[in-house]
Amino acid sequence: MENPLTSRELSLLESSLLPALERHHLRLLAHGLRTLQAVAGRRSGQPPDHAQIEAWVLAQAVIADDPAFAKAWARQLHGSGAQLSSIAAGCGCDPLALELQDLIRWAQAEADARLT
């Protein structure tokens, strides 16, 4: 399985002024977004449903021998889809149309809100 984030995108995440834990959360969310886009085969619209995610995960050869991990990963991706849907609602776009900059702006706004 390929890394869904480019080195440029990873550098962009790391260059944000967010604390390390929040940058880590952003990396996970960004990987989730790219993976859900791969599952759906598109970069717009709503995230795939749990059944679609689970079928895609189970079809990945690298984890074919570990069904417990596959089910856990599918649950995590489904949860990422729900969080991305919430973020997208605030941005006024579809969840799969989110860009890395949208996620960074959201994380910065969340951090700013906690500080005020």
Hey, does [Y] have a side-chain heavy atom less than 4.5 Å from the side chain of [X]?
{"X": "W73", "Y": "I53", "answer": "no"}
{"X": "L5", "Y": "H31", "answer": "yes"}
{"X": "L100", "Y": "E9", "answer": "yes"}
{"X": "Q83", "Y": "H25", "answer": "yes"}
{"X": "C93", "Y": "L98", "answer": "yes"}

Okay, side chain of [X], backbone of [Y]: is any donor-acceptor separation there less than 3.5 Å?
{"X": "D94", "Y": "A97", "value": "no"}
{"X": "R23", "Y": "L18", "value": "yes"}
{"X": "Q52", "Y": "D49", "value": "yes"}
{"X": "D66", "Y": "I63", "value": "no"}

Donor-acceptor pairs under 3.5 angstrom involving side-chain atoms of residues 108-116: please list them, not counting sequence neighbours.
| unit_1 | atom_1 | unit_2 | atom_2 | d |
| --- | --- | --- | --- | --- |
| R114 | NH1 | E110 | O | 3.4 |
| R114 | NH2 | E22 | OE1 | 3.0 |
| R114 | NH2 | E22 | OE2 | 2.3 |
| T116 | OG1 | D112 | O | 3.4 |
| T116 | OG1 | A113 | O | 3.3 |

Inter-residue atom distance [X].[atom1] - [Y].[atom2], 0.5 Å rounding:
{"X": "R43", "Y": "Q37", "atom1": "CZ", "atom2": "CD", "value": "4.5 Å"}
{"X": "D102", "Y": "L33", "atom1": "CG", "atom2": "CG", "value": "9.0 Å"}
{"X": "S80", "Y": "R34", "atom1": "OG", "atom2": "CZ", "value": "13.5 Å"}
{"X": "L13", "Y": "Q101", "atom1": "CG", "atom2": "CD", "value": "9.0 Å"}
{"X": "I104", "Y": "E99", "atom1": "CD1", "atom2": "CD", "value": "11.0 Å"}

Is W56 linked to L28 within one hydrophobic cluster, defined over Ile, Leu, Val, Met, Phe, Trp and Tyr using a side-chain heavy-atom separation of less than 4.5 Å?
no
Is there a path of hydrophobic side-chain contacts, each under 4.5 Å between heavy atoms, that joins V62 and L36?
yes
Are there more than 12 heavy atoms of other residues, nucleotides or ligands under 6.0 Å from atom NE2 of H24?
no
State which residues pass side chain to side chain contact (heavy atoms under 4.5 Å, CB included) with A89; sequence neighbours excluded, sorted by chain then number.
none
Using side chain to side chain contact (heavy atoms under 4.5 Å, CB included) as the criterion, list what pairs up with L58, not counting sequence neighbours.
E54, A70
Evaluation steps, side-chain contact (heavy atoms from CB on, under 4.5 Å), between L84 and L96:
CA-CA 8 Å; L84 290 165; L96 294 183; 5.8 Å; no
